[in-house]
There are 2 protein chains.
Amino acid sequence: MQLTPEMRLTTQRQIILEELGKVTSHPTANEVYDMVRKRLPRIGLGTVYRNLELMSETGIILKLEVGGTQKRFDATIDPHYHIRCLSCGKVDDIEIPVMEDINKTAADISKYQVLGHHIEFSGICSECNDNAQAVN
Amino acid sequence: MQLTPEMRLTTQRQIILEELGKVTSHPTANEVYDMVRKRLPRIGLGTVYRNLELMSETGIILKLEVGGTQKRFDATIDPHYHIRCLSCGKVDDIEIPVMEDINKTAADISKYQVLGHHIEFSGICSECNDNAQAVN
DNA sequence: AAGATGAGTGGTAATTATTACTGATACACT
DNA sequence: AGTGTATCAGTAATAATTACCACTCATCTT
């Protein structure tokens, strides 16, 4: 979004960015759409997708390709890891120190040009755990 | 597939399993379908999906929820990490020692019941790198 | 200020991956 | 052989995402 000077900071982009910045929940495109629609009721879902994609390409937000069926987006771009609830699907940050060195390790043993890595933990979040208890 | 005794080892399941075992390429459901179809031309895509899902639930194969748009499947079930080519999308194993201990670390600092983790490296595979060179 | 240019938008259609449904098979057990 | 049920092939339906297109609106040019 800052890469090409022709790229405009439209109202839609500004609000998408603001709303994404308000939450720490790694919303899906549809969830961002719902959030943004409260302020811009006529915005199109395609606009949200297009701009989330664009912003992630230019690096001002993060696109999370975690498990589950939907992509998720994150306004926090400094490297960090995630944990996903296998029951409800939500994704939280997890404060494990980032291992910068394993990229080099990976580069040494593979034929790939290694560009990055991501760790995704999986488990059951406390809410889902509580719900499961309640049923028993 | 060995969990419930009612579950039959049909020809379809046997061949899906055999074909998946032959490759190390983490094929998508569609790729498995193509492989299997050479031996069982009349098999349905739904059957492939159904059985891959089933086998991953019972733990005899692994379902990889890596980046990209498709799920991938792996006959190697012992824990290991993966690297994905950002250019062509293929997924390879990467021989980095599995860190059993970080699950505990994660459990300590999060409210989740941590069940596992997966590391996905991303980069450019040697083939794509070569192709890029050729263009320049 | 008016017109041209082109990025961006909203609405909708199309695509892709996956799942669900359905009637037909085929095995297992009597 | 007859019945019950798992599984199948084929197809329809769903979900997420992307593509398309006519129109809007900044920005630039005269």
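Sequence order on DNA chain C of the closest nucleotides to B/N30 and A/V48 puts A/V48 first from the 5' end. Nearer to the 5' terminus of DNA chain D, by closest-nucleotide assignment, is the contact made by B/T11 (compared with the other of B/T11 and B/L45).
OP1 and OP2 of D/dT17 both lie 4.0 Å or more from every side-chain N or O belonging to B/T69. Proximity of B/T28 to the phosphate of C/dA17: no side-chain N or O atom is located under 4.0 Å from OP1 or OP2. Contact annotation: A/Y49 does not reach the phosphate of D/dT18 (side-chain N/O to OP1 or OP2, under 4.0 Å).
With salt bridges taken as basic N to acidic carboxylate O contacts below 4.0 Å, one links B/K22 and B/E19.
Heavy atoms of A/T47 sit under 4.0 angstrom from at least one base atom. Contact annotation for A/E53: no contact, since no heavy-atom pair falls under 4.0 Å across all strands.
Residue B/Q14 contributes atom CD, which lies 17 Å from atom P of C/dA26 at whole-angstrom precision. For the pair A/K63 NZ and D/dA16 P, the computed distance is 16 Å after rounding to whole Å. Between A/Y33 atom OH and D/dT18 atom P the separation is 16 Å, expressed in whole Å. We find that CG of B/L17 is positioned 16 Å from C1' of D/dT7, with the value rounded to whole Å. To the nearest angstrom, C1' of C/dG8 lies 12 Å from CE of A/M55. In this entry the distance linking CZ of A/R50 with P of C/dT12 reads 15 Å, nearest Å. Atom pair A/R8:CZ and D/dA26:P shows a separation of 8 Å (rounding to whole Å applied). As rounded to whole Å, 7 Å separates atom P of D/dT7 from atom CG of B/L54.
Counting only heavy atoms from C-beta on, B/A29 has its side chain closest to C/dT18 among C/dG8, C/dG10, C/dT18. With D/dT17, C/dT9, D/dC8 as the candidates, the nucleotide lying closest to the side chain of B/N51 is D/dC8. Here the side chain of B/Q70 is nearest to one of C/dG8, C/dA17, C/dG10, namely C/dA17.
Counting only distance, with no hydrogens or angles, the side chain of B/R13 and the backbone of B/N51 share no donor-acceptor pair below 3.5 Å. With A/S110 contributing its side chain and A/A106 its backbone, the two residues share a donor-acceptor pair below 3.5 Å.
Taking 4.5 Å as the limit, every side-chain heavy atom of B/Q14 sits out of range of all side-chain heavy atoms of B/L17.
Within the 6.0 Å centre-distance limit, the rings of B/H82 and B/H118 are counted as a close aromatic pair.
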